[in-house]
Amino acid sequence: MSSSRSTLTNKQAGQLFSEIANSAEAINWQWLHLPVDQDDPEALYAFINQMRRAVMQIGWIADKGAGGCGVMQVRGDAENWMLSPLTNDTLKPVTTEEPS
């Protein structure tokens with residue numbers, strides 16, 4: 001978890017809440033209108049992955065709002081929300097020791 005010391009204006013916070021609500025509504029609509037053949041594993045996997053990405057986006061927006069309000073974040077920035085743990089570990093800076 002990480003925290004941020006910046007603060008958001010009411011308008012900025014409201015815009016983030018609106019993004020969260022719109023994303024949640026999009027997911028709700030998709031689930032109600034399940035557009036894939038449930039007997040096709042590949043199509044179902046693609047649909048579930050699409051919903052997972054949308055949920056991660058909602059989490060990132062919520063964390064941005066929480067940090068902007070001075071509240072503890074769950075994962076922090078977009079990289080922590082959108083990229084897999086393996087990718088995040090791979091992207092960490094590599095430190096090499098100078099030979100002595």
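As the structure is a prediction and not an experimental result, all values here were calculated from the model. Heavy atoms only: backbone and side chains are in, while hydrogens, waters and symmetry mates are out.
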Result block: side-chain N/O donor-acceptor pairs under 3.5 angstrom for residues 83-91, not counting sequence neighbours:
from, atom 1, to, atom 2, distance (Å)
S84, OG, T87, N, 3.1
S84, OG, T87, OG1, 3.0
N88, ND2, E79, O, 3.1
D89, OD1, K92, NZ, 3.4
T90, OG1, L86, O, 2.8

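Of the possible donor and acceptor atoms, one in the side chain of N22 sits under 3.5 Å from a partner among the backbone N and O of S18. A side-chain donor-acceptor contact under 3.5 Å links R53 to the backbone of M82. With hydrogens and angles ignored, the 3.5 Å screen pairs no side-chain donor or acceptor of D63 with any backbone N or O of Q73.
Among residue pairs with one or both ends in residues 13-27, none qualify as salt bridge (charged side-chain N to carboxylate O under 4.0 Å, His left out); sequence neighbours excluded.
Note that NZ of K64 and CD of Q12 are 9.0 Å apart. Values are rounded to the nearest 0.5 Å. One finds the OG1 atom of T9 at 10.0 Å from the CD atom of Q15 (value rounded to the nearest 0.5 Å). Considering CD1 of I20 and CH2 of W60, their distance stands at 11.0 Å, rounded to 0.5 Å. A distance of 5.0 Å separates CH2 of W81 from CZ of R75, quoted to the nearest 0.5 Å.
In this structure, the side chain to side chain contact (heavy atoms under 4.5 Å, CB included) partners of A43, at least two apart in sequence or on a different chain, are V36, D40.
The closest side-chain heavy-atom distance from M51 to F47 is below 4.5 Å.
Within the hydrophobic cluster formed by Ile, Leu, Val, Met, Phe, Trp and Tyr side chains joined at under 4.5 Å, directly or through other members, Y45 stands alone, with no partner residue.
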